[in-house]
2 protein chains.
Amino acid sequence: KIVGISEKRIRDIHRIKPTREAIGLARRFSLTSPFAQAVLDESDMVIGGVRGALLTIKDGYAVANAGIDRKNAPLNSLVLWPHDPDLSARTLRDQIRREFGKHVGVVIVDSRVTPLRLGTTGLAIGAAGFRAVEDIRGNVDLHGREVRITFRAIADALAATAQLVMGESSERKPFVIIREAPVKMESDSGVREAKLAWNRCLYMSQIMPPGHDQSQHN
Amino acid sequence: KIVGISEKRIRDIHRIKPTREAIGLARRFSLTSPFAQAVLDESDMVIGGVRGALLTIKDGYAVANAGIDRKNAPLNSLVLWPHDPDLSARTLRDQIRREFGKHVGVVIVDSRVTPLRLGTTGLAIGAAGFRAVEDIRGNVDLHGREVRITFRAIADALAATAQLVMGESSERKPFVIIREAPVKMESDSGVREAKLAWNRCLYMSQIMPPGHDQSQHN
C-alpha cells in the first residue's frame with residue numbers, strides 16, 4: 001500500500017466514469033460502480049466474484065479486485081498496485097544499499113485470500129534481492145527419496161510473516177524488517193518467477209475462463 | 001507430518017486395493033493408483049486435478065491430495081492428516097502446559113499451494129490456544145473509515161512463518177517455536193473457525209462441484 005501511494009498510483013473515485021459493464025458487475029456483486037470500473041481498468045481479466053469482491057487476473061496472479069483497496073487510501077480515492085512491483089522492489093533495494101550500505105532483500109506485500117478460508121494473509125506482489133521461489137527438485141527426503149513438491153514460495157512466506165506483524169487497519173506499520181530469514185540472496189530475481197500457468201494450477205485449472213467453450217473443458 | 005506419524009496415521013501402499021475410480025484418476029493425473037485410492041478414501045470430495053495432484057475437499061478445506069504426502073513417510077507408506085487436527089493441537093498444548101508449565105499456542109502445519117503461484121507455503125490444519133482467525137470488523141483505518149477486509153488468518157500466517165524455517169525435504173525440523181507472535185491467546189479456538197462457505201469463497205464459487213448442473217451455475 002505504501003509503495004502504491006508513494007508512486008502516486010491513486011485514483012479519485014469522483015473522476016471515474018463507470019461503463020455499463022462496471023455498473024452490471026457492481027450491481028451483481030454489491031460494489032460501487034466506480035470501484036468496479038477501477039477493477040476492470042486494472043485487471044487483465046475479471047473471472048467472477050462474490051458479494052463485495054471480484055476474482056481477477058492481475059499481472060498474471062489470481063487476486064481479489066485486481067489488488068485495489070480503499071483501506072488507508074486518501075479520502076475518496078483508491079490505491080492501485082505499483083506499475084511493476086518487482087521493479088519497485090528492486091528500486092527500494094538499491095536505495096537502501098546506497099543510503100545505508102545494507103544489502104537487503106525487499107518484498108512488497110498485499111493481502112490475499114485462500115480457497116475456502118476465512119481471513120487474509122500476506123502475498124508477495126514484488127520482490128528483489130533474494131530467490132523468490134526456491135527450487136528443491138532433486139532434493140531428497142529423510143529416507144533418500146526425491147521430493148515431489150518441488151518449489152517453495154519463499155517470497156510469499158516472508159509476505160505472510162510480515163503481514164502478521166503489520167496488521168490490516170490502523171497499525172501504522174508500513175514496513176517490517178525480517179532478520180536471519182533462511183533465503184538465498186540473489187540480485188536478479190523477482191515474484192515474476194512465481195507465476196504458474198493456468199493449466200498447471202490446481203485451482204484455476206478447474207475454472208473456465210470467461211468465453212471458454214464449456215464443451216472443450218476437461 | 002510429525003503429528004500424523006506420531007498418531008500412526010500411516011497407510012502401507014502395498015495393502016491398498018485401488019478401485020476402478022482410483023485407477024481412472026491415477027491414469028488421468030499421472031499418479032499411482034494406490035495413492036489415488038488413498039486420496040479418495042481421505043477426501044470429502046475430489047474436484048479435479050492437474051498432473052501429479054488432485055484438488056480435494058478435506059475436512060472442509062480445498063487442498064491437494066487430501067493432505068496425503070509421501071515425503072518423509074516411512075518407506076512404501078503414506079502419511080495422513082491427524083483425524084482431528086484441532087484436537088491434536090489441543091492435546092499438544094495441554095501436554096506442553098503439564099510437562100513444562102508453559103502456556104503456548106500450537107499450530108499444526110501442512111504445505112499448501114496458492115492459485116496461479118509456483119511453490120508451497122504453510123497452511124494451518126490444526127490450532128489451539130490462540131485466536132486462529134482475528135475478527136477486525138468495526139476496526140477503522142488511518143482515516144477513520146471502517147475496514148472492509150474483515151478477518152485475518154492468524155493461524156495460516158503463523159503456519160507460513162513456521163514452514164519458511166522448517167523447510168520441505170531433509171531439514172529434520174519437525175517443529176519450530178515462534179516467540180512474541182502478535183496473537184490473542186484464547187483457549188477455545190481452532191482452525192475450524194477459518195472455514196469459509198463454498199459460495200462465499202472467491203475461488204471455489206467459480207468452480208462447479210462434480211455433478212453440479214451447469215445450467216444452474218451462475
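Here is how names work: the chains are called A, B, and so on, in the same order as the sequence lines, proteins then strands, and each is numbered from 1.
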*Sort out for me which of A:Ala160, A:Ala62, A:Gly122 touches chain B most, counting heavy-atom pairs under 4.5 Å.*
A:Ala62
_Tell me if a side-chain donor or acceptor on B:Arg152 pairs with a main-chain N or O of A:Gln163 at a distance below 3.5 Å._
yes
Below 4.5 Å from any heavy atom of chain A, which atoms of [X] appear? Answer side chain, backbone, both or neither.
{"X": "B:Arg51", "answer": "neither"}
{"X": "B:Val113", "answer": "both"}
{"X": "B:Leu54", "answer": "backbone"}

*asked:* Looking at every heavy atom in both A:Tyr203 and B:Ile207, which two are closest together, and how far apart are they?
replied: O-CD1, 3.8 Å
*Tell me, for A:Arg200 versus chain B, whether the close heavy atoms (under 4.5 Å) come from the side chain, the backbone, both or neither.*
both
Point-to-point distance, once rounded to the nearest 0.5 Å, from [atom1] of [X] to [atom2] of [Y]:
{"X": "A:Leu116", "Y": "B:Lys58", "atom1": "CG", "atom2": "NZ", "answer": "14.5 Å"}
{"X": "B:Leu123", "Y": "A:Thr121", "atom1": "CG", "atom2": "OG1", "answer": "9.5 Å"}
{"X": "B:Leu118", "Y": "A:Arg192", "atom1": "CG", "atom2": "CZ", "answer": "13.5 Å"}
{"X": "A:Gln206", "Y": "B:Gln206", "atom1": "CD", "atom2": "CD", "answer": "13.5 Å"}

*asked:* Taking side chain to side chain contact (heavy atoms under 4.5 Å, CB included) as the criterion, tell me which of A:Leu196, A:Asn199, A:Leu202 meets it with B:Val50.
replied: A:Leu202
_So for atom NZ, which belongs to A:Lys184, do other residues, nucleotides or ligands contribute more than 12 heavy atoms lying within a distance under 6.0 Å?_
no
*Around B:Glu21, counting heavy atoms of other residues, nucleotides and ligands shown, do more than 12 lie under 6.0 Å from its CD?*
no
*Can you check whether B:Tyr61 reaches A:Thr114 side chain to side chain, under 4.5 Å on heavy atoms?*
no
*Considering only heavy atoms and a distance below 4.5 Å, find which of B:Ala155, B:Ala157, B:Pro115, B:Ala159 pairs most often with chain A.*
B:Pro115
